[in-house]
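What you are looking at is a predicted structure, and each value in this text was computed from that prediction instead of being measured. Sequence lines set the chain letters: A, B, ... in the order given, protein chains first and strands last, and positions in each chain run from 1.
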2 protein chains.
Amino acid sequence: MDTQTDTGKASRRVTAKDIATSLGVSRATVGFVLNNTAGQTISEATRRRVIAEAHRLGYRPHSAARALASGRTNTVLLILPDWPIDFSVRNNIEEASNALDDAGYTLLITTPHDSGRARPLWETVDLDAVMGYLPFTPQAIEAMRAAGVTRIVPDPDTLAPPYDEPGTTMQVEHLADLGHRALAYADTADRRLTTLGQERWAAARLAAETAGCRIERAAIDLDNESATTAVLSWRAASVTGVLAYNDDVAAALVGAALRAGIDIPGELSVIGHDDAPIARLFEPRLSTIRLDTAGLGRQLAALTIASIEGSDTAPAEQATPTVQLIERDSTRAIPADKR
Amino acid sequence: MDTQTDTGKASRRVTAKDIATSLGVSRATVGFVLNNTAGQTISEATRRRVIAEAHRLGYRPHSAARALASGRTNTVLLILPDWPIDFSVRNNIEEASNALDDAGYTLLITTPHDSGRARPLWETVDLDAVMGYLPFTPQAIEAMRAAGVTRIVPDPDTLAPPYDEPGTTMQVEHLADLGHRALAYADTADRRLTTLGQERWAAARLAAETAGCRIERAAIDLDNESATTAVLSWRAASVTGVLAYNDDVAAALVGAALRAGIDIPGELSVIGHDDAPIARLFEPRLSTIRLDTAGLGRQLAALTIASIEGSDTAPAEQATPTVQLIERDSTRAIPADKR
DNA sequence: CGCGCCAGGTAGCGCGCGCTAGTAAACTGC
DNA sequence: GCAGTTTACTAGCGCGCGCTACCTGGCGCG
């Protein structure tokens, strides 16, 4: 069933009018058939003829014209966080994309640019909705609205329940279960991640308190020796368990510790976050947290579709995505006699 | 100067006609001013009034209408390879995006989907051009053309000079310089990467021959023990230098070697490819190859713009992007007495 | 037989914008 | 003072499609 590209002469694109004249019916009829317009009665015979002719000519609706006439672009933009977690985001995108595609929408993806030179996508492309993983900043919302974006997910007008960072909580619980009582949270020094880092630090403190642990915080810059500094200060402070913002930070810590002669996990347990593929390949293999990014993607897509199409259909229950502990070799229990 | 969103009543969008009637000029005049249409003489006074009014009303051209009328969408799609190298691709995208934005184009990005469920972006969005890092497969080109994509970069009709994988060559030369004579190429077992892997293997063989080295190949699957198998077989075969397809494979090898009690780089030198950020954090820090992805991005954008706008302007010289050796701790010279 | 009804269509407007063809007035040149 | 040119605009078509309003002919029904 290949599309026969009837390269007429100057390779003009095939329009609905072409189908109509070729078949001797009106353009409206063609439109009704191809869009399955409700409330129109078209005989089965005509319907078939139109579809067949459309296929034969290789008709492809002109999306710009359709967008102009209908006022909807069937296009949704996903704004990726400027995080180095693309590997895990991939599942997410794919799921979201599939879900949206099934509903007739096209997913566009963008990452915010540091440079700020290129104009944001929502200013140059008409969109039905914009979705993001985290709530947008008021400035971003302002900018989008000014550019004509009406639907934003998560909805800035609905007071979102605070995302409780279950992964971070799980990191703390894992270390506590292993008998660690003096913990440290290794935040990222990347300024782009400060929001999320702060949230995780808050979650970590809360979880540590609940588990009866003390906890301190250090910001790790991957580009300098701050990992070494942190590791040495933790040894001085008898910290035995470290939860990292992500696997990159964890890797930096493990590397710095080994170079400083600190045994991982013998002297220090380190747990990462995100389950980066590379994290399990090095020695020691990194314990980490895996998020159900695919589920998150589906959920986001469902939320968006509901928002566009009237929302009364699917409430898209605000289930927190599945979080899973991946226990490998970089964390170890404190011996019973030392607890 | 903020855009004053004059929410008239039902928040209709501001059109050029609104500006025209509000100013008592014709819609054409507004169009000429806002598009700086060549061959039209508009008095400076009128010009200023139109621009001011457009700004005051918060006018934003309707991209779909513009696309319909002009036949151009000013939109370019970049198809990312389905590779796990997003970190390095990021620079590339950003540079390409900036370059295109400066020329008035919007860059869309997509990655092919394994599932194949969601329709490709070029079928649902009108594009001025599609760009990719590697030449597209004939099937992909066929599909794009059938969907109305006329400009594809790299141009499938121009016989592209074979990309000679300078990074791989540099890996071999580095190991050879260090005195290694028995090499191995650690390919990826990821089926998505076979094309590139094959090219690198060909480049590696050629370079090894030139350098007077013997070389063998193994495919490493990150998800099983093939790295361990490979490392052990290399020890048996007295292989001393390994060049990896990318840093992930290199990391797998280093991890497997250390677990098998093989010293890196004492017994085996390993060099990666791509300079993944995490690769320098682990112990031993990975020697690798860094590509000038930013330059590549600019080059791709220039090529595309030239293709859209008539191409006689900028030939965009087919310079191979800069490739740089990053020497760290996972490679070491063979002692003089053992050469 | 007259009427309403309904299946099965068609005519054509409007979406917002780019741009060609035209036009009226002002400004030359001689 | 008048033809020719230039300046500064305007009228309105056409891009391809969605969709409302309308039309027509056959059929059931009292």
Side-chain angles (χ1 to χ4, degrees), chain A residues 8 10-51 53-54 57-75 104 124-126 128 148, chain B residues 10-51 53-54 57-75 104 124-126 128 147-148:
Chain A
S11 165
R12 235 195 65 256
R13 81 175 292 149
V14 179
T15 72
K17 190 180 178 183
D18 295 337
I19 301 176
T21 53
S22 155
L23 238 45
V25 300
S26 77
R27 239 218 63 248
T29 305
V30 174
F32 293 145
V33 169
L34 296 180
N35 294 329
N36 259 321
T37 311
Q40 293 291 336
T41 51
I42 306 286
S43 71
E44 192 54 33
T46 309
R47 184 174 295 274
R48 258 200 265 277
R49 283 172 63 220
V50 168
I51 291 172
E53 189 68 4
L57 295 177
Y59 171 71
R60 304 191 23 75
H62 191 301
S63 49
R66 169 173 284 181
L68 179 60
S70 71
R72 296 183 44 222
T73 56
N74 280 13
T75 292
T124 47
V125 181
D126 280 328
D128 281 347
Chain B
S11 166
R12 234 195 65 257
R13 81 176 292 152
V14 179
T15 72
K17 190 179 177 182
D18 295 336
I19 301 176
T21 53
S22 154
L23 238 46
V25 300
S26 78
R27 238 219 63 248
T29 305
V30 174
F32 292 145
V33 169
L34 296 180
N35 295 329
N36 258 321
T37 310
Q40 292 291 338
T41 51
I42 305 287
S43 71
E44 192 54 33
T46 308
R47 185 174 294 273
R48 257 200 267 278
R49 282 173 63 220
V50 168
I51 291 173
E53 189 68 4
L57 295 177
Y59 171 69
R60 304 192 21 79
H62 191 301
S63 49
R66 169 173 285 178
L68 179 60
S70 71
R72 296 183 44 222
T73 56
N74 281 13
T75 292
T124 46
V125 180
D126 280 327
D128 281 347

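Put simply, B:S43 has a side-chain N or O that comes within less than 4.0 Å of OP1 or OP2 on D:dC9. For D:dT10, the OP1/OP2 oxygens have a side-chain nitrogen or oxygen of B:T29 closer than 4.0 Å. Look at B:R66 and you'll find a side-chain N or O under 4.0 angstrom from OP1 or OP2 of C:dG18. The phosphate of C:dT10 has OP1 or OP2 within less than 4.0 Å of a side-chain N or O from A:S26.
Judged by distance alone with a 3.5 Å cut-off, no donor-acceptor contact links the side chain of B:R60 to the base of C:dG16. Interface remark: the B:T41 side chain does form a donor-acceptor pair with the D:dA8 base, using a distance-only criterion of under 3.5 Å. Contact of B:Q40 with D:dC9 (side chain to base): a donor-acceptor pair of N or O atoms is detected under 3.5 Å.
Atom CD1 in B:I19 sits roughly 13 Å away from atom P in C:dG16 (whole-Å rounding). Rounding to whole angstrom units, CG of residue A:L68 and P of C:dC15 are separated by 9 Å. Whole-Å rounding puts the A:N35 CG to D:dT20 C1' distance at 15 Å. If you take CG of A:L23 and P of C:dG9, they are 11 Å apart, rounded to a whole angstrom. Across the protein-nucleic acid pair, A:D18 atom CG and D:dC15 atom P stand 11 Å apart, rounded to whole Å. Atom pair B:R49:CZ and D:dA8:P shows a separation of 14 Å (rounding to whole Å applied). Rounded to an integer number of Å, the gap from B:H62 NE2 to C:dC15 P is 11 Å. Across the protein-nucleic acid pair, A:R72 atom CZ and D:dG18 atom P stand 12 Å apart, rounded to whole Å.
In this structure, B:D126 and B:T75 have side chains that are not in contact, with every pair of non-hydrogen atoms separated by 4.5 Å or more. Side-chain contact between A:H62 and A:T15 is absent, with no heavy atoms from C-beta onward closer than 4.5 Å. Side chains of A:R60 and A:V14 form no contact here, defined as non-hydrogen atoms less than 4.5 Å apart. The closest side-chain heavy-atom distance from A:R49 to A:I19 is not below 4.5 Å.
Note on B:T37: nothing from the nucleic acid sits closer than 4.0 angstrom, heavy atoms only. Among the protein residues, B:A28 comes within range of the nucleic acid bases, having at least one heavy atom under 4.0 Å from a base atom.
Minimum interatomic distance between B:A67 and B:T73 (heavy atoms only, all atoms of both residues): CB-CG2, 3.9 Å.
Picking from D:dG16, C:dG16, C:dT10 the nucleotide with the shortest atom distance to the side chain of B:R13 gives C:dG16.
Summary of the strand contacts: B:A69 and B:R27 both lie near DNA chain D, and taking for each the nucleotide with the nearest heavy atom, the more 5' one is attributed to B:R27. Each of B:S70 and B:F32 was matched to the nucleotide of DNA chain D holding its nearest heavy atom; the match closer to the 5' end belongs to B:F32.
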